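Keep in mind it's a predicted model, so treat the numbers as computed, not measured. All values below were derived from every heavy atom in this structure, side-chain atoms included, with hydrogens, water molecules and symmetry-related copies excluded.
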Number of protein chains: 2
Amino acid sequence: MKLALVGIGKIALDQHVPALTASADWELAATVSRNGTVEGVEAFTRIEDMLAARPDIPVVSLCLPPVPRFAAASAALRAGRHVMLEKPPGASLSEVHELQTIARDQGVTLYTTWHSRQAHAVAAARRWLAGRRIDSGRITWREDVRKWHPGQDWIFAAGGMGVFDPGINALSILTHILPRPVHLTAAELDFPANRDAPIAARLAMTQGISADFDFRQQGPQTWDMEFQTDGGSLALRMGGNLLEIDGQPAGGEDTIMGEYPALYARMAELVRGGASEVDLSPMVLVADAFTLGRRITVEPFEF
Amino acid sequence: MKLALVGIGKIALDQHVPALTASADWELAATVSRNGTVEGVEAFTRIEDMLAARPDIPVVSLCLPPVPRFAAASAALRAGRHVMLEKPPGASLSEVHELQTIARDQGVTLYTTWHSRQAHAVAAARRWLAGRRIDSGRITWREDVRKWHPGQDWIFAAGGMGVFDPGINALSILTHILPRPVHLTAAELDFPANRDAPIAARLAMTQGISADFDFRQQGPQTWDMEFQTDGGSLALRMGGNLLEIDGQPAGGEDTIMGEYPALYARMAELVRGGASEVDLSPMVLVADAFTLGRRITVEPFEF
């Protein structure tokens, strides 16, 4: 199936393009981007132009920042195209609800992806936790924003989500592997004095689960989740890629294909089956953290 | 039907008790409150005690502040009671999703009320707007927090929602009367330097709709909504109680019974029919405003 990729930045070139190139399902038929292009692929700068010029492309994949995403997604859906969204699926919950309505009215597929759920050990962790009672859990997601988002000021603008941009990956795994849903009970958000989105956050949830998100980590980076249950302990390290049971490395590398190849395989399945997949639970936890959270002003941040 | 009322404060005494007393459907059989009581009605201070002592009471109505609400609501649902919630239905979206799950598992009614939707002219406004295209809209919701919430510090604590406590009433009307859903595109939130919830907020939404919420209004209070459409203009004034079409007072005082009597009549209907009614769309717009909003620090506020 022909596919157009919208937003040719770091994540598109590092992940989406290689996944598409390696897939038997997909042909990258066009790109839309203000600056980026992919060699040998027809490039547009405006999505409206691509939609008008290429009615032969039935599927559009968006890897834009959250704020401009709604306009592009709704244009593609209204043009009758199936749409796949990078995480988070929008800047607000209400806009994603509206995309759902448009997709339903148009009879096309909408897929809100959560790439971290496709990390190697996530499926095994979910199976192990099923039927166990969580007594406590601790999420530590600490990375260096200068390394992963160099100069990307949009991430600290209002709606850019700040440290929740990586933190929502942890929450997407959490909401996928827990046998019972959690809800947020309290949060603290650290806002740099010169920015409109938080650089660090600490969350308290039910089932004794806490989260520590920080964008200021230098040196080793940490993407860990640890759970104590009535039947032993489980840890997921390296962003869901390594599993430990009771402190020992465990197998369970189910997903051989990697995160983005798995997302595109799922999208092909959804389009062929005429189905949509929209799960907003990670984004609801983020919205709740902003709603409930106590705001703390911290020192200004410059890239 | 026998009903227990939990949280005997200003709103309970001003609205809930008179509505229950006047209703043929209901008997106020118990109260739960740290301080408040209702003359002639058995009073408890802890909901667990009431649930244990009064298995004959099938319905619990909660008018607690949002933060303690979840614990009380989940205790009542788990005890197999039908539950009616004052607005907003919780401090976070994720906790209300969890209440929905518990209610479904228990096979009992959950009703998230929005009292302003029962204001006199709201149904007529909804009928008039149906089929019209909204070109712009302006919500002005300005009231004096010292008058309506004297000394209620919880409203400015994290999770207390601040000016969104009244503002969500406007949003509950908006989401009910519009022919097509809106979503939030931008917001500014004014936080007093000494408080964790905003005292004023300005929202921009799709369909050209804006909102101006302010808790610092002295003198005349304003609860107005004005819409320009392709078929004339409509205004709802006095919190949904007065309707104007093209600048002239219009009829349409459908709801004769008043807001709270209408809510309790609806709850009786839901319990008899074994149904639930949970609409979170006003709360989603609030969560989106907190998520997307630019925070502005303003002068400290004391009651």
Check your understanding: With S92(A), which of D288(B), V284(B), L285(B) fulfils side-chain contact (heavy atoms from CB on, under 4.5 Å)?
Key -> D288(B)
Check your understanding: Most heavy-atom pairs under 4.5 angstrom with chain A, which of A197(B), G160(B), G159(B)?
Key -> G159(B)
Practice item. Report, as yes or no, whether the 6.0 Å neighbourhood of atom CZ on R138(A) holds more than 12 heavy atoms from other residues, nucleotides or ligands. Key: no
Check your understanding: Is it the side chain or the backbone of E95(A) that comes within 4.5 Å of chain B heavy atoms, both, or neither?
Key -> both
Point to revise | Distance, nearest 0.5 Å, that separates CZ of R180(B) from OG1 of T101(A) | key: 10.5 Å
Review point. Do other residues, nucleotides or ligands put more than 12 heavy atoms under 6.0 Å from the CH2 atom of W154(A)?
Key: yes
Revision key, fill the gap. Within residues 183-191 of chain A, the residues sitting under 4.5 Å from chain B by heavy atom, in sequence order, are H183(A), L184(A), F191(A)
Point to revise | Contacting region of F70(A) [heavy-atom separation from chain B under 4.5 Å] | key: side chain
Review point. Under a 4.5 Å heavy-atom cutoff, which of V286(B), T206(B), L292(B) has the most pairs with chain A?
Key: L292(B)
**Study point:** Segment of V96(A) engaging chain B (4.5 angstrom heavy-atom cut-off)
**Key:** neither
Check your understanding: Can you find a heavy atom in the side chain of L93(B) that is under 4.5 Å from one in the side chain of L93(A)?
Key -> yes
Review point. For atom CZ of R295(A), is the number of surrounding heavy atoms from other residues, nucleotides or ligands below 6.0 Å larger than 12?
Key: yes
